[in-house]
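The first residue in the sequence is number 1, and the count goes up from there.
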Amino acid sequence: MSKYNILTSLLCITIICLTTIGASAQKRTTSKKEPVIAKVDSTEIILTQAKGAPVAPFTDTLFLIHGGVGSFTVDQRASAIEDKIRLLEEYPLFNPDSLKLVEFSDQINIVYDDQKYQNSRIIISIDTLQAQIYGRTKLELAASYRNIIISAIDKRQSETSWQRIGLQALFVILIIAGEYFFLRGFRFGYRRLKIFVRKQRHKKVKGLFGIIEAEKAEQIIFALLKILRFVLIVASLFVCTLLFFKIFPHTTGLSDQLLDYVISPVKRIAISIKNYLPNLFTILVIAFIFRFIKKFLRSITDKISDNKITFKGFYPDWAKPTYNIVIAILMVFTFILIFPYLPNSDSQIFQGVSVFLGLMISLGSTSVIGNIIAGFVITYMRPFKIGDRVKMDDTVGNVIEKTALVTRVKTAKNEVITIPNSSVMSTKTVNYTFSASQYGLILYTTVTIGYDVPWRLVHELLLKVAYKTDNLSRKQKPFIMQTAFEDFYVEYQLNVFTKDANKMNDIYSDLRKNIQDVFKEAGIEILSPHYRVNRVVNIHEFNEDPQPEDASGEG
């Protein structure tokens, strides 16, 4: 609490100093509020020709003086009148009845006639110009000024009386005490609030949206509480200062000025919001229409995707990409409609920043735009769908994701390969799934058999292999082709049909296993040059009388 005591003491000392200085100097603050001026006939011309100077001996402007006298300017004349009124207020024997109206030549003077000291002094003179400006007679205007001066002096004397000073001192004590207890209570409440937040750890404080941990969330809450504490303390001290300045008449203008520093920006913001409401309402209407159209298009898209609504030549998998394109166009169109209604949209700075951002995006997104366009083209070309088994260059796998920028393929080894759409556009794509579902995908494998085995027997054994293998189409018959005559064997090619392209690797493996089993059961040797050479070498190795010089295996 020491820092609060020091702060309160400094505040009190400041207020006392300001009060003393203000009471001794009695600085006047000129007000911009002018009394209502009556305009009669041609007096408007006179009013524009005669500049008025405010007479404010204490705080507020009492009236205006128009026109100079001799070498005195209108401002000098107003200043002299203020000094005379202040002297009357400081005169301890001031009597309002001594303030009289005296006609002299073509003007009426307001004169203070002190009968005790036989002393008279002119306070202000009302001439023809002054009376014509306000459309009144000189006597009426002089009487009005006399009453205004008497009221101002009475008000000033009541404000500076000992009773008023005592009330002011009491108010100062009450304000300081109120601020002191407020700071103490606020400090106590702040501590209790911190303890409450710590007790809620892992109960209600569980992180922010799963992004920030509970400890970090607690630190953020404490930081926000510190900011709130600082703002409230500064606000309370500011209000306390305003009350101090408002108590004393000579600092009332300063209080109003400080309050204006806060209220003026708030008023400007409020006025700006009020003036912006028509544009804001227009933006809300446009946004509401866009939201309604978006929901309507979304419902149509879902029905097309589910084949509830069909159009000739329009495929269901085109629905969502087309929806995204239409929504993007609508968003651009909506932004064009909203842009003129944005705050300061017509300013050169706003337009310059918009052009700069557009230029940066266009320069930095050349390849991105290329991939997006390629993604749309691929969508409407329909070379593959999600889940299809495809081959792109050397990559064979299933399409697991297709975005506006890239296509992702998962291979049989669970490797996820990301391919830019521009690369997909520039390479050939083989769609095994489409071929299998539409025509039946043909899988083939080759086997080499010696010339001594009849080809009809080989065909019979290979067909047996095909019927023995699972996951093949039984409606489409397998067939065998003799693809080559080599030096030592004939190359046979077994072709089978399948409707399930995802089982390609399993089918190939089963075909090769069944070929080995079937031909071994028939006693037919599957030939290859490497197999024959290795077999001859192995026979020589197990011979009891090997001949190293005949390692070529030619007998």
Asks: Determine whether a donor-acceptor pair (N or O, by modelled atom type, separation under 3.5 Å) exists between the side chain of Glu401 and the backbone of Val406.
Replies: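 No: the side chain of Glu401 does not pair with the backbone of Val406.
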Asks: So do the side chains of Leu258 and Tyr261 get within less than 4.5 Å of each other, counting heavy atoms only?
Replies: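 In short, these two side chains touch, coming nearer than 4.5 Å.
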Asks: Report, as yes or no, whether the 6.0 Å neighbourhood of atom CD1 on Ile122 holds more than 12 heavy atoms from other residues, nucleotides or ligands.
Replies: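 No, CD1 of Ile122 has 12 or fewer neighbouring heavy atoms, counting only those of other groups under 6.0 Å.
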Asks: Between Leu337 and Phe290, is there a side-chain heavy-atom distance shorter than 4.5 Å?
Replies: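 No. Closest side-chain heavy atoms not under 4.5 Å.
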Asks: Work out which heavy atom in Ile123 is nearest to a heavy atom in Lys84; give both atom names and the distance.
Replies: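 Closest approach of Ile123 to Lys84: O-CD, 3.7 Å.
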Asks: Look at the aromatic rings of Trp318 and Phe314 and report parallel, tilted or perpendicular, splitting at 30° and 60°.
Replies: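 Perpendicular: the ring planes of Trp318 and Phe314 meet at over 60°.
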Asks: How would you list all residue pairs meeting side chain to side chain donor-acceptor pair (under 3.5 Å) that involve residues 263-291, not counting sequence neighbours?
Replies: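 Qualifying pairs, neighbours excluded: Asp260-Ser264.
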Asks: Arg146 side chain to Pro96 main-chain N or O, any donor-acceptor pair under 3.5 Å?
Replies: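 Indeed, once roles are kept as given, a pair shorter than 3.5 Å links the two residues.
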Asks: State which residues pass salt bridge (Lys or Arg N to Asp or Glu O under 4.0 Å) with Asp83; sequence neighbours excluded, sorted by chain then number.
Replies: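 Asp83 satisfies salt bridge (Lys or Arg N to Asp or Glu O under 4.0 Å) with Arg86 only.
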Asks: Step through the shown structure and confirm whether more than 12 heavy atoms of other residues, nucleotides or ligands are within 6.0 Å of OH on Tyr341.
Replies: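 At most 12 heavy atoms, drawn from other residues, nucleotides or ligands, come within 6.0 Å of this atom.
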Asks: Verify the ring-centre separation between Phe292 and Phe288: is it less than 6.0 angstrom?
Replies: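 So the answer is no for these two rings.
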Asks: For Phe171, check ring pair (Phe, Tyr, Trp, His ring centres under 6.0 Å) against everything at least two apart and list the hits.
Replies: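 Here no residue qualifies.
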Asks: Once side-chain hydrogen bond (donor to acceptor under 3.5 Å, both in side chains) is applied, do any residues pair with Thr128, and if so which ones, sequence neighbours excluded?
Replies: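 With neighbours one apart ignored, the set is empty.
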Asks: Under a 3.5 Å cutoff, is there a donor and acceptor pairing between the side chains of Glu140 and Tyr145?
Replies: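 No, Tyr145 and Glu140 have no side-chain donor paired with an acceptor closer than 3.5 Å.
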Asks: How would you list, by chain and number, every residue that makes a side-chain hydrogen bond (donor to acceptor under 3.5 Å, both in side chains) with Gln76, sequence neighbours excluded?
Replies: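 Checked Gln76 against side-chain hydrogen bond (donor to acceptor under 3.5 Å, both in side chains); zero matches.
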Asks: Can you name the residues that form a side-chain hydrogen bond (donor to acceptor under 3.5 Å, both in side chains) with Thr334, not counting sequence neighbours?
Replies: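 With sequence neighbours excluded, Thr334 shows a side-chain hydrogen bond (donor to acceptor under 3.5 Å, both in side chains) to no residue whatsoever.
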